[in-house]
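Okay, so here's the structure we're looking at.
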Amino acid sequence: MADTRVNTSPLSAREGKAYIDGTEVADCCKFKVVFKPEVWAGKSLGRMSTSRRWTGYDIEVTMEQWKTNRFYRQKIDEYRRSGKTPELTIQGIQEDKNSDFYDLSGKETVTCIGCVPTGDISLIDCDTDGDVVKESITFGAYDIV
C-alpha cells in the first residue's frame with residue numbers, strides 16, 4: 001500500500017535556537033549540523049558494482065550570526081595566552097509546532113560535543129558595499145547526542 005501522508009505543513013527552517021555552552025546565541029541567523037560519513041569503496045571479483053561501507057565519520061557545525069559581541073575574539077585571545085584549544089558544546093533545537101514533522105516527531109535537538117573552530121575567524125570586516133557584519137564560523141565536533 002502506498003504511503004498516503006501528504007506533507008501539508010513542511011518544517012520551517014526559521015523555527016529554531018542555537019546555544020553555545022548553554023547560552024543562547026541570540027544573534028544567530030543560520031545554523032547547520034552535518035554528519036559526514038567516511039566511506040570505503042572497493043570492488044570484488046565477479047561483481048559489476050562497487051561495494052561501500054562506512055569506516056568513520058566527521059561532524060561539521062556551521063553557525064552564522066550577526067556580529068554583536070567579541071565572543072570569538074575572546075576565544076582567540078584565550079588560546080594565544082594559554083595554548084589550549086577551545087572546545088565548545090553547541091546545541092541546536094528545531095521546534096516548528098505548526099509542522100507535520102513536529103506532529104510526528106516533536107522537536108529536533110542535536111547537541112554537538114567537543115566543537116573546535118576549524119575555519120577562518122574574521123577579526124574585522126569593513127566594506128563600503130556592505131550592510132551589517134555577519135560571522136560564519138565552522139566547527140568540527142567529535143560526538144553528537
Side-chain angles (χ1 to χ4, degrees), residues 1-44 47-80 84-145:
M1 177 179 250
D3 187 351
T4 57
R5 289 180 294 175
V6 177
N7 192 7
T8 58
S9 188
L11 184 62
S12 171
R14 294 181 181 184
E15 301 292 329
K17 296 178 181 176
Y19 298 85
I20 296 179
D21 290 339
T23 300
E24 183 175 0
V25 182
D27 54 357
C28 186
C29 54
K30 192 169 188 178
F31 179 73
K32 188 174 189 178
V33 178
V34 178
F35 180 90
K36 296 179 165 192
E38 184 178 302
V39 180
W40 169 87
K43 297 221 178 232
S44 298
R47 296 189 82 189
M48 298 291 288
S49 64
T50 302
S51 297
R52 293 171 181 81
R53 65 176 270 200
W54 287 1
T55 58
Y57 61 89
D58 193 16
I59 300 162
E60 185 176 89
V61 179
T62 304
M63 183 177 295
E64 291 185 11
Q65 59 197 104
W66 307 114
K67 186 167 185 166
T68 58
N69 60 48
R70 300 186 74 216
F71 179 79
Y72 296 109
R73 178 58 188 261
Q74 291 168 343
K75 293 299 175 190
I76 291 168
D77 292 345
E78 288 171 19
Y79 168 73
R80 292 181 67 221
K84 291 181 66 173
T85 300
E87 280 196 18
L88 309 166
T89 298
I90 299 177
Q91 182 180 62
I93 300 172
Q94 194 164 34
E95 186 173 28
D96 178 7
K97 293 179 181 177
N98 193 40
S99 70
D100 295 332
F101 181 93
Y102 188 86
D103 290 343
L104 293 170
S105 305
K107 68 182 175 183
E108 182 78 74
T109 302
V110 177
T111 303
C112 303
I113 312 289
C115 296
V116 173
T118 58
D120 295 343
I121 299 172
S122 180
L123 297 175
I124 193 166
D125 187 356
C126 299
D127 184 349
T128 59
D129 293 329
D131 190 12
V132 295
V133 176
K134 183 191 287 187
E135 297 178 306
S136 182
I137 309 294
T138 304
F139 303 86
Y142 72 78
D143 202 2
I144 54 174
V145 291

For Lys43, give me all partners under side chain to side chain contact (heavy atoms under 4.5 Å, CB included), at least two apart in sequence or on another chain.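 If we apply the side chain to side chain contact (heavy atoms under 4.5 Å, CB included) test to Lys43, skipping adjacent residues, the hits are Thr50.
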Of all pairs that satisfy salt bridge (charged side-chain N to carboxylate O under 4.0 Å, His left out), the ones with a partner from residues 15-37, not counting sequence neighbours: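 Matches after skipping sequence neighbours: Lys36-Glu60.
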If a pair satisfies salt bridge (charged side-chain N to carboxylate O under 4.0 Å, His left out) and one of its residues is in residues 107-121, list it, with sequence neighbours excluded. none
Out of Val110, Thr111, Val61, Ile113, which one pairs with Ile144 under the side chain to side chain contact (heavy atoms under 4.5 Å, CB included) rule?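 Only one option passes, and that is Val110.
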Going by side chain to side chain contact (heavy atoms under 4.5 Å, CB included), Val133 matches just one of Asp125, Ile124, Asp127. Which one? Asp125
Inter-residue atom distance [X].[atom1] - [Y].[atom2], 0.5 Å rounding:
{"X": "Leu104", "Y": "Leu11", "atom1": "CG", "atom2": "CG", "result": "11.0 Å"}
{"X": "Ser122", "Y": "Ile137", "atom1": "OG", "atom2": "CD1", "result": "8.0 Å"}
{"X": "Asp131", "Y": "Trp66", "atom1": "CG", "atom2": "CH2", "result": "7.5 Å"}
{"X": "Phe139", "Y": "Ile90", "atom1": "CZ", "atom2": "CD1", "result": "4.0 Å"}
{"X": "Cys112", "Y": "Tyr142", "atom1": "SG", "atom2": "OH", "result": "11.5 Å"}
{"X": "Met63", "Y": "Cys29", "atom1": "CE", "atom2": "SG", "result": "10.0 Å"}

Sorted by chain and residue number, the salt bridge (Lys or Arg N to Asp or Glu O under 4.0 Å) partners of Glu87 (sequence neighbours excluded) come out as none
side-chain hydrogen bond (donor to acceptor under 3.5 Å, both in side chains) against [X], all qualifying residues, sequence neighbours excluded:
{"X": "Thr55", "result": "Glu38"}
{"X": "Ser105", "result": "none"}
{"X": "Gln94", "result": "none"}
{"X": "Thr138", "result": "none"}

Of all heavy-atom pairs between [X] and [Y], which one has the smallest distance, and what is that distance?
{"X": "Ser12", "Y": "Asp96", "answer": "N-OD2, 2.9 Å"}
{"X": "Pro86", "Y": "Pro117", "answer": "O-CD, 3.8 Å"}
{"X": "Thr62", "Y": "Ser136", "answer": "CG2-OG, 4.0 Å"}

Of all pairs that satisfy ring-ring contact (aromatic ring centres under 6.0 Å, His included), the ones with a partner from residues 20-41, not counting sequence neighbours: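 Counting only pairs at least two positions apart or across chains, the ring-ring contact (aromatic ring centres under 6.0 Å, His included) contacts touching residues 20-41 are Phe35-Trp54, Phe35-Tyr57.
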Taking only residues at least two apart or on different chains, which pairs with a member in residues 71-80 satisfy side-chain hydrogen bond (donor to acceptor under 3.5 Å, both in side chains)?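 Counting only pairs at least two positions apart or across chains, the side-chain hydrogen bond (donor to acceptor under 3.5 Å, both in side chains) contacts touching residues 71-80 are Gln65-Tyr72, Arg73-Asp77.
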Sidechain-backbone polar pair: Asp100 side chain, Thr8 backbone, donor-acceptor under 3.5 Å: yes
Trace of the side-chain contact (heavy atoms from CB on, under 4.5 Å) decision for Phe71 with Ile20: CA-CA 10 Å; Phe71 179 79; Ile20 296 179; 3.8 Å; yes
